[in-house]
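Reminder, nothing fancy here: chain letters follow the sequence lines and each chain counts from 1.
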Amino acid sequence: MNISDDEVPLNRSARAKSSVIKDEDSDMDMGDKPPSASSVSDDDYDEEAPIKKRAASVSPAARKKSKAILDDDDFDDVPLSQTTQALKPKVTKKEPKAKAPKKEPKDTLKKEPKDTLKKEPKAKAAPKVKKEVKEVKKEPKAKDDGTPAPEDNDTYKWWESNDLDGEIKWTTLEHSGVIFPPPYKALPKRVKLLYNGQPVTLPPAAEEVAGFFGALVETDHGKNPVFQQNFFKDFQEVLKEAGGCDIEITDFAKMDFSKMFAYFEEKREEKKTTTSAEKKKIKEEKDTLEAPYKTCLLDGRKEFVGNFRVEPPGLFRGRGAHPKTGKLKKRVQPEDIVLNLGKEAPVPKPPRGHKWGEIRHDNTVAWLAMWRENVLGGVKYVRFAANSSLKGISDFKKFEKARELKLHIEKVRVDYRQKLKSDLMLERQMAVCTYLIDVFALRAGGEKTDEEADTVGCCSLRFEHVSLKPPNTVVFDFLGKDSIRYYQEVEVDQQVFKNLRIFKKAPKKPGDDLFDRVDPSILNKHLQNYMPGLTAKVFRTYNATKVMQDQLNLIPNEGSVNEKLVAFNAANRTVAILCNHQRTIPKTHEAGVAKIQEKIQEMVWQKIRLKKLMLVKDLTLKQKRKGYFEEINDLTKEDERAVHKYVIAKEIEKVQKKFEKDNIKLKEAKQPLLSKEELKTKLDKIRELKKEYTKEASSGKPIDLHPNDTVEKLEARVEKLEERIKTTCLQLKDKEDNSQVALGTSKLNYIDPRLTVMFSRKFNVPIEKLFTKTLRDKFDWAIQSADEHWTF
DNA sequence: CATTTCACTTAGAACTCTACCA
DNA sequence: TGGTAGAGTTCTAAGTGAAATG
């Protein structure tokens, strides 16, 4: 009854396996469904797999095709259309609010003006004017209210305006264009690339490219063979184009960049020695040069520009196993650049002897300049800064959209839970996808080409990324955005587990798509039915802020600002973990942890020594305060020796460093230097100490450095140490917990800033402790509009 | 429609500044 | 008082999703 066309022919070939499938299914669908439907659909599922598998193993393109066909058929399915119809009334009800482009007569109306916009700028005028009327409404407002002159922008509070919609982003726009990186300056003659041990004189263009690599030889990129080969190929090309050099360079392995590398290091050292006065002067010069580019005039208001600097040439640093990593990113010329500004705005002067690629006047977009980059063929934009009104408005809209999801999330969840048992493969896959996106905050996961790193999101998960451990544990292991690993072992809904097993059923094999019928556009189209503008990414924003709010609600409103701050960061961390925001463990991390651990050990040892000393002074204490002295045997002999060694090593280092330093000073002052003898005496003293420690270890009686100290004094010192141990342990835990988690990303992009403002107000934590300067600027709208009662 | 293009958000790495500590 | 770890900022790669295109 529910069989779709494409599934019928498959049935035949799959029959042989149907019994196995039925077994699994019988435990799965019993009772919930009409038996006939369930058995039929189960058979169908099984048979679909081979199709996808074949498609998947051929090529991404082929995969897509087969998908498309299958999906089409599903859409034609009777039961499907019935179910979606059930949802439709809702959608149409909400339609008036949303101007979401649907398949309706409207659509054509909309498209037309846009088409004409692009193709013939002149035709633009007509449709624009209409929209401008809308926009103009709020303009006079701002102008009338505001103080007379250019400072208008300071008083323009867009969030107090109630008309933030509209295609048009601006009516007038003036800016100064972009700053180009300085031209290449040839290296000093003595700094040369070596090839096969011989110095090579390269044409400047080739030397520049070699230098790009030379600066990276010691980095992970420089050591990556793909990076090396991509670099080498492009380098050879540049060299050839520039006329070559005296030696033929054919083998990357024979290139020696050490001279170049050393030179760059030298330069860096040099830079360190510049005095603060010099630095200040350099900075001032830079500031005056850049000032005109830093701001622009948007509808007459001054706004900040984000990245007004054109990206300098270099080697493309792809993340993860990127096939194009190391390729040469060419220098961008003014001729490559498209400027976007108002019709009446003066066109900034291009660099001498150059022309701009194009001047555009498109007020439906929010970029000021753009160029095409040669490695991936992508577009780079110069845009407004994060604290600009346009960015603020879209940020605000994003969070309002996520807030709106609150009203629909229940329906969405009920629906996908129910559809987990749908008779249609498409619906089941869609339900599981929605579940994963909602519960585990996975990204949508669009298709990627083989020109890019192999990373996935929800819809693009493959067989090998998900393993199943009955009864209902799933292990996710895949590389997500930026090739960051997502590894989670989690328990899932029983029906989700069963579905995943079906989606993985043979003959599906590694390399095949888990969700062969779903991609982000299909999924998003479906999500629109619940709420206009609902897409996969909205769930991440919604859940991140929701989790944050729930976590903040658990924090007791008491204690010091610092304690509250720690609690806030802990809440922030749960969000970061949900979103899998990671950072590479700092290279210094392990050493840092070891150092803190040693410090703790030393303090523990000191504490025990003090307690032992207390007993030396008054043995009766041992009976009187049993618990207090229990720990004096906690430290093993081994631990003790380790601490001794550490303390001694530290002392020695200290003495030696001081010795060297003092001598340098004496030398500068032309005073006689300290002799080796003096150092030796000091070191000898430490050796004495070492001996004493050894003795102490065997006798168990600590040396009393201050024989006059009373028991009370000792106890006070113990207490102080305990305090320090506690804080250091906390610090260690914090360091460990945070070592792999990046809190910044969620604070910047996912957590509604008004929630943070609410926390600040309600808990009396200065906003400066929660938002850095940049964040305060970016979220000014939130700071000014939310109070202690605000809720998401 | 499926695919490509465009515009925008999101992301960790790399760099710079600053506060803290011996 | 300089050396450094961590905080803060900048840079640009890598996603998402809608619209244009053929």
All heavy atoms of A/L523 vs all of A/M430, minimum pair found to be CD1-CG, 3.6 Å

Residues A/L328 and A/L315: closest non-hydrogen pair is CA-CD2, 4.1 Å

Rounded to whole Å, how long is the line connecting atom [atom1] of [X] with atom [atom2] of [N]?
X: A/D519; N: B/dA2; atom1: CG; atom2: P; result: 9 Å
X: A/Q582; N: C/dA14; atom1: CD; atom2: P; result: 17 Å
X: A/R383; N: B/dT9; atom1: CZ; atom2: C1'; result: 8 Å
X: A/K380; N: B/dC8; atom1: NZ; atom2: C1'; result: 14 Å
X: A/F227; N: B/dA13; atom1: CZ; atom2: C1'; result: 13 Å
X: A/D395; N: C/dT16; atom1: CG; atom2: C1'; result: 15 Å
X: A/K280; N: B/dT18; atom1: NZ; atom2: P; result: 13 Å
X: A/F264; N: B/dC15; atom1: CZ; atom2: C1'; result: 17 Å

Using the side-chain heavy atoms of [X], tell me which of these nucleotides is nearest: [options].
X: A/K398; options: C/dA14, B/dA11, B/dT9; answer: B/dT9
X: A/V365; options: B/dA7, C/dA14, C/dG17; answer: B/dA7
X: A/F316; options: C/dT12, B/dA7, C/dA14; answer: C/dA14
X: A/S394; options: B/dG12, B/dT9, C/dG17; answer: B/dT9
X: A/E311; options: C/dG8, C/dT16, C/dT12; answer: C/dT12
X: A/K448; options: B/dT10, C/dG15, C/dT12; answer: C/dG15
X: A/T774; options: C/dG17, B/dA7, C/dT9; answer: C/dT9
X: A/T772; options: C/dT12, B/dC8, C/dG8; answer: C/dG8
X: A/K391; options: B/dC8, C/dC11, B/dT9; answer: B/dT9
X: A/R317; options: B/dC15, B/dT10, B/dA7; answer: B/dC15

Below 4.0 angstrom from OP1 or OP2 of [N], is there any side-chain N or O of [X]?
X: A/K537; N: C/dG17; value: no
X: A/T535; N: C/dA18; value: no
X: A/Q528; N: C/dA18; value: yes
X: A/T584; N: B/dA13; value: yes
X: A/H322; N: C/dA14; value: yes
X: A/Y750; N: B/dA11; value: yes
X: A/K169; N: B/dC8; value: yes
X: A/R540; N: B/dA11; value: yes
X: A/N524; N: C/dG17; value: yes

So what does [X] hit on the nucleic acid, given a heavy-atom distance under 4.0 Å: a base, only sugar-phosphate, or nothing?
X: A/A453; value: nothing
X: A/R443; value: sugar-phosphate
X: A/G445; value: sugar-phosphate
X: A/K324; value: nothing
X: A/L775; value: nothing

By nearest-heavy-atom nucleotide on DNA chain B, the more 5' of A/H581 and A/R372 is A/R372

By nearest-heavy-atom nucleotide on DNA chain B, the more 5' of A/K283 and A/T219 is A/T219

(message) With side-chain hydrogen bond (donor to acceptor under 3.5 Å, both in side chains) as the criterion, how do A/N230 and A/T325 come out once you've worked through the C-alpha distance, each side chain's angles and the decisive distance to 0.1 Å?
(response) CA-CA 7 Å; A/N230 280 329; A/T325 194; over 6 Å; no

Quick one, A/E290 with A/F308, criterion side-chain contact (heavy atoms from CB on, under 4.5 Å). Give me CA distance, side-chain angles, the key distance, then yes/no. CA-CA 9 Å; A/E290 290 180 352; A/F308 48 83; 4.1 Å; yes

Q) Does A/K595 offer a backbone N or O that forms a donor-acceptor pair with the side chain of A/E598 under 3.5 Å? A) no

Check: So, does A/E373 use its side chain to make a donor-acceptor pair with the main chain of A/G378 at under 3.5 Å?
Finding: yes

Quiz item: Parallel, tilted or perpendicular: which fits the ring planes of A/W158 and A/F396, with parallel below 30° and perpendicular above 60°?
Solution: perpendicular

So CG of A/D438 and CG of A/N543: to nearest 0.5 Å the spacing works out to 5.0 Å

Note: for A/K773 and A/V538 on DNA chain C, the residue whose nearest nucleotide lies more 5' is A/K773

Heavy-atom nearest nucleotide on DNA chain C taken for A/E768 and for A/G318; more 5' hit belongs to A/E768

